[in-house]
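For ligands, and for the atoms within them, numbers begin at 1 and follow the listed sequence. The first residue in the sequence is number 1, and the count goes up from there.
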Amino acid sequence: MKSLMITLLAAIIMCLPVHATEVSLYSADGREIVVKSEDEERMRAEGWYGFDEVYTALYSEDGRAINALNSRIEEWKSVGWYENIADVQTMLYSADGRELTVWNADVEAFLQVGWFRTLEEVQTTLYSADGREITVWNADVEAYLQVGWFRTTEEVQTTLYSADGREITVWNADVEAYLQVGWHRTKDEVRTVLYNQNGEEKAVWNAEVDAYLAAGWLREKQRPGIDPNRPMVALTFDDGPGPYTEKILNCLVENNAKATFFVVGNRLKTYSGQLKREAELGMEIGCHSWSHANLTTLGASAISSQIKDTNNLVKELTGVYPATLRPPYGSHNAAVRSAAGAPIILWSIDTLDWKTKNADSTYNSVMNNVKDGDIILMHDIHSATADAALRIIPALIERGYQLVTVSELGEYKAGGLGAGQVYGRIN
Ligand code: ZN
């Protein structure tokens, strides 16, 4: 081992003076000569050059390199060699953010094992609900999605609508603030369907509703045969449905008249046939609570379920969700008005039919007091009331009254009724 070391050392020492005093020069056509250093300048003057002046390094796409004579570079290039190393290498990217520079000949193999040519392929732009953008490596996308980032702006933006027909797209984080200053989530909230005298309908921006109403448009489709300029009254029947409801319905149909039935929720399943017929005949079905409770004695959530349970069951059985409320005993307070979600309909003529149970008395209380716009209170669970109704209905028509539902009365007389508002006579 020691002798080998000495031999190597000696070789290095022997080489040094040679390299220090001799130099290789080249002709333009690639011949090499070795000359003493002091002769270099003279030889150069005779057309000899340094290596770099005669040769240029060229590269192949599979990673080889050669030194080509300058005079033959174009020849080499024509068979796939390149002067610039950047021309034979390609930068690739991984989904977890690594970069790699490979020979062009190897690119396809790398693409097959999860490398990509462009940053766009390994990065994804994500969006936050408050309007920020971030570009992350694909490998990290799932982690970001879990902490509140989203792939598309659709997921973090919401289009809102104004009552005068404008649209705006805002970041989800800002939606609540916009809702508070008069923007709405759906077009239905900012448009109202109105009807003209010919029954044509049109959805108009809420901001324009008053102007349309002033021009003669109506909130409800006008019933054929109803003349807004002639007197009308609304017959109302509470506490049903019941065994006498059918009789009253038959009379209404025969006289082409409408009435409103304020029904009690816990009776609906027993008398579902009567309820369905009310709806089929185009009568209005209003809410009269679930158990005929005095709503003013209940808390807010109990009031709400008395109303909603009833309305939901009516909707389930008839397909129509009640649009009016008559609280039992006509009893209401701020909590009831707030929970109503519909106009509160009282009355202007109380027949006291439940008390007298006398058809003559009920008939007289109506016919002696009736005026245009009256809302007349009766109860379809009493036999005497049904008997009275059979006389009252034709008699009112005979006297020139049109028999309409309470919502129709509100429409024709007041241009519509307001939720939580309390109505007696509407004129
Ligand atoms: Zn009642």
Side-chain angles (χ1 to χ4, degrees), residues 233-249 252 258-272 274-275 278-279 283-298 302-314 317-318 321-333 335-337 339-359 361-363 365-366 369 374-389 392 405-407 409 417 420-426:
V233 294
L235 296 179
T236 66
F237 297 93
D238 289 10
D239 297 359
Y244 310 109
T245 306
E246 199 84 43
K247 199 169 170 182
I248 297 169
L249 287 172
L252 288 165
K258 295 282 191 285
T260 303
F261 292 83
F262 288 103
V263 299
V264 174
N266 65 16
R267 299 174 65 86
L268 298 183
K269 289 213 163 134
T270 307
Y271 296 101
S272 63
Q274 285 85 345
L275 180 81
E278 286 170 1
M283 304 299 158
E284 179 165 0
I285 298 170
C287 177
H288 196 46
S289 84
W290 181 262
S291 61
H292 208 272
N294 183 338
L295 299 180
T296 62
T297 66
L298 304 178
I303 296 171
S304 182
S305 44
Q306 283 275 340
I307 296 169
K308 284 183 181 160
D309 291 353
T310 303
N311 288 351
N312 288 337
L313 186 52
V314 170
L317 293 171
T318 70
Y321 194 89
T324 51
L325 170 70
R326 173 171 284 161
Y329 318 102
S331 183
H332 62 89
N333 58 15
V336 172
R337 292 189 292 276
I344 293 175
I345 309 298
L346 300 184
W347 52 84
S348 53
I349 293 179
D350 185 352
T351 62
L352 297 176
D353 61 332
W354 58 276
K355 199 171 176 182
T356 66
K357 293 196 175 72
N358 179 292
S361 169
T362 300
Y363 175 86
S365 74
V366 174
N369 295 295
D374 268 331
I375 298 176
I376 297 163
L377 171 61
M378 291 182 278
H379 299 78
D380 55 325
I381 53 169
H382 302 299
S383 174
T385 297
D387 291 340
I392 290 167
T405 67
V406 290
S407 286
L409 186 66
L417 303 174
Q421 303 291 305
V422 181
Y423 299 92
R425 183 168 175 238
I426 304 175

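Qualifying ring pair (Phe, Tyr, Trp, His ring centres under 6.0 Å) partners for His332, counting only residues two or more places apart in sequence or in other chains: none.
Within the protein, the number of N/O/S atoms found under 2.8 Å from the Zn ion (ligand 1) is 3.
Note: His292 and Tyr329 meet the aromatic proximity criterion, with ring centroids under 6.0 Å apart.
Among residue pairs with one or both ends in residues 236-249, those qualifying as salt bridge (charged side-chain N to carboxylate O under 4.0 Å, His left out) are Asp238-Arg326, Glu246-Arg277, Lys247-Asp387; sequence neighbours excluded.
A distance of 6.5 Å separates CG of Leu268 from CG of Leu317, quoted to the nearest 0.5 Å. With rounding to the nearest 0.5 Å, the separation of CZ in Phe261 from CD in Glu278 is 5.0 Å.
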For residues 376-383, dump all side-chain donor-acceptor pairs below 3.5 Å to protein atoms at least two apart in sequence or in another chain.
from, atom 1, to, atom 2, distance (Å)
His379, ND1, Asp353, OD1, 2.8
Asp380, OD1, Gly240, N, 3.4
Asp380, OD2, Thr245, OG1, 2.9

